[in-house]
Novice: 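Next up is a structure, given as structure tokens.
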Amino acid sequence: MTQLYAQKNRGTSLVLLLLMVVSLIPFSASLVGISKLGLGDLVIPLLFLLTVIDLALNSKNLDLFVPRYATPPFLFVALFMFVVLISFARNPVFISSVSDEASGGLKFYYRFFNCFLVYITSIYWINRNRINPEQLLTTLFILVVVVTVFGFMMIVTGIKIPGLDSHAWTVSVKAGFGEVAGSFRAPFLEVFGQVGFFLALTSRKLSKMHRWVFLFYFCLCIYFGGGRATF
């Protein structure tokens, strides 16, 4: 029985880790005529389908989709998705605009929907196997550190990874005149830097010295990201 539970727990951890990776790291490619279709755009709905199948065949408990100790965040997420739905209803888009994300095409709203799927799928598997949320935050913290270190390696060495070509992973150096001369941006460092900053700030496992070291490191990530909005 203990061994069976451990196997289920490892399977659940794998699902949650995969959700973290595909939702945070925008691996992308062109597929079926849609430009920059993210891996998460395909994997997240499949993981949700797996969740629904597990619900129908095994758990049969809809309450597993409701967070046990986080009602205010759940209401906030539900309200946010309601606003997205209203925005879509006010300015509906059709299949012809599926690849036009910048102007609010269908892909734009589809990714908001995927974010909601990530949330409720994670809640289900956390409740399903009684996983400690702190364990997930530790895993997320490690993932953020690995990605930011990898990001600095990209900046220093200039290497480019096929598939990591969306805006969130852009690393560019521009030459020119005026305010664009020598400008530099690495937006993914902003994204992961701010996530890492709050994780380091709230972690109960870090010592005081390690906390300050990581806070300084993630501030550097935000700085080298080059964006104003994050500050």
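Keep in mind that what you see is a predicted model, and the values were worked out from it rather than measured. Hydrogens, waters and symmetry mates play no part in the numbers below; they use all other heavy atoms, side chains included.
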Novice: Following the transitive rule for hydrophobic clusters with a side-chain heavy-atom cut-off under 4.5 Å over Ile, Leu, Val, Met, Phe, Trp and Tyr, establish whether L64 and V52 coincide in one cluster.
Specialist: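 Same cluster: L64 reaches V52 through Ile, Leu, Val, Met, Phe, Trp or Tyr contacts under 4.5 Å.
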
Novice: Within this structure, what is the CG-CG distance for the pair L143 and L137, rounded to the nearest 0.5 Å?
Specialist: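 Here the interatomic distance stands at 12.5 Å.
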
Novice: Do F65 and T51 come within less than 4.5 Å of each other through their side chains, counting heavy atoms only?
Specialist: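 Contact flag for F65/T51 side chains = yes.
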
Novice: Enter the distance from N58:CG to I53:CD1 here, rounded to the nearest 0.5 Å.
Specialist: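 That separation rounds to 10.5 Å.
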
Novice: Evaluate the side-chain proximity of V66 to I123: yes if any heavy-atom separation is below 4.5 Å, no if none is.
Specialist: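 When only atoms from C-beta onward are counted, V66 and I123 do not touch, as no gap falls below 4.5 Å.
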
Novice: Let me confirm one number: the CG-CD1 distance from L117 to I44, rounded to the nearest 0.5 Å.
Specialist: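 So the CG of L117 and the CD1 of I44 are separated by 7.5 Å.
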
Novice: Assigning hydrophobic clusters by single linkage (Ile, Leu, Val, Met, Phe, Trp, Tyr; side-chain heavy-atom cutoff under 4.5 Å), is V191 placed with V149?
Specialist: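 Linked, V191 and V149 end up in one cluster.
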
Novice: Throw together a table of side-chain donor-acceptor distances under 3.5 angstrom for residues 198-205, partners on residues two or more places apart or in other chains.
Specialist:
from	atom 1	to	atom 2	distance (Å)
T202	OG1	F198	O	2.8
S203	OG	K205	N	3.2
R204	NH2	E134	OE1	2.8

Novice: Got a second to check how far N61's CG is from D54's CG, nearest 0.5 Å?
Specialist: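 N61 CG to D54 CG: 11.0 Å, rounded to 0.5 Å.
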
Novice: Quickly, which of F192, F152, F197 forms a side chain to side chain contact (heavy atoms under 4.5 Å, CB included) with C221? Name it, please.
Specialist: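 Checked F192, F152, F197 against C221; only one passes side chain to side chain contact (heavy atoms under 4.5 Å, CB included): F152.
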
Novice: Between V147 and Y223, is there a shared hydrophobic cluster once you connect ILVMFWY residues whose side-chain heavy atoms come closer than 4.5 Å?
Specialist: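 Per the 4.5 Å side-chain linkage, V147 and Y223 are co-clustered.
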
Novice: Looking at side-chain heavy atoms only, is the closest gap between F218 and V144 below 4.5 Å?
Specialist: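 A side-chain contact exists here, since the closest heavy-atom pair is under 4.5 Å.
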
Novice: Just verifying a value: how many Å separate Y217 OH and I222 CD1, rounded to the nearest 0.5 Å?
Specialist: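 Reported value, rounded in 0.5 Å steps: 11.5 Å.
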
Novice: Mind checking whether W125 and I131 have side chains closer than 4.5 Å, heavy atoms only?
Specialist: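 No; the side chains remain at least 4.5 Å from each other.
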
Novice: Taking atom OG1 of T121 and atom OH of Y124, what is their separation to the nearest 0.5 Å?
Specialist: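 T121 OG1 to Y124 OH: 10.0 Å, rounded to 0.5 Å.
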
Novice: Stepwise, does the side chain to side chain contact (heavy atoms under 4.5 Å, CB included) test hold for I120 with F48?
Specialist: CA-CA 9 Å; I120 62 175; F48 178 70; 3.6 Å; yes

Novice: Could I get the full list of ring-ring contact (aromatic ring centres under 6.0 Å, His included) partners for F80, not counting sequence neighbours?
Specialist: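 Counting only residues at least two positions away or on another chain, F80 forms a ring-ring contact (aromatic ring centres under 6.0 Å, His included) with F112.
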
Novice: Who are the ring-ring contact (aromatic ring centres under 6.0 Å, His included) partners of F214, not counting sequence neighbours?
Specialist: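 For F214 the ring-ring contact (aromatic ring centres under 6.0 Å, His included) partners, ignoring immediate neighbours, are F141.
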
Novice: Applying the 4.5 Å side-chain criterion to the ILVMFWY set and letting contacts propagate, would V195 and I142 be lumped into a single cluster?
Specialist: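 Each belongs to a different hydrophobic cluster.
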
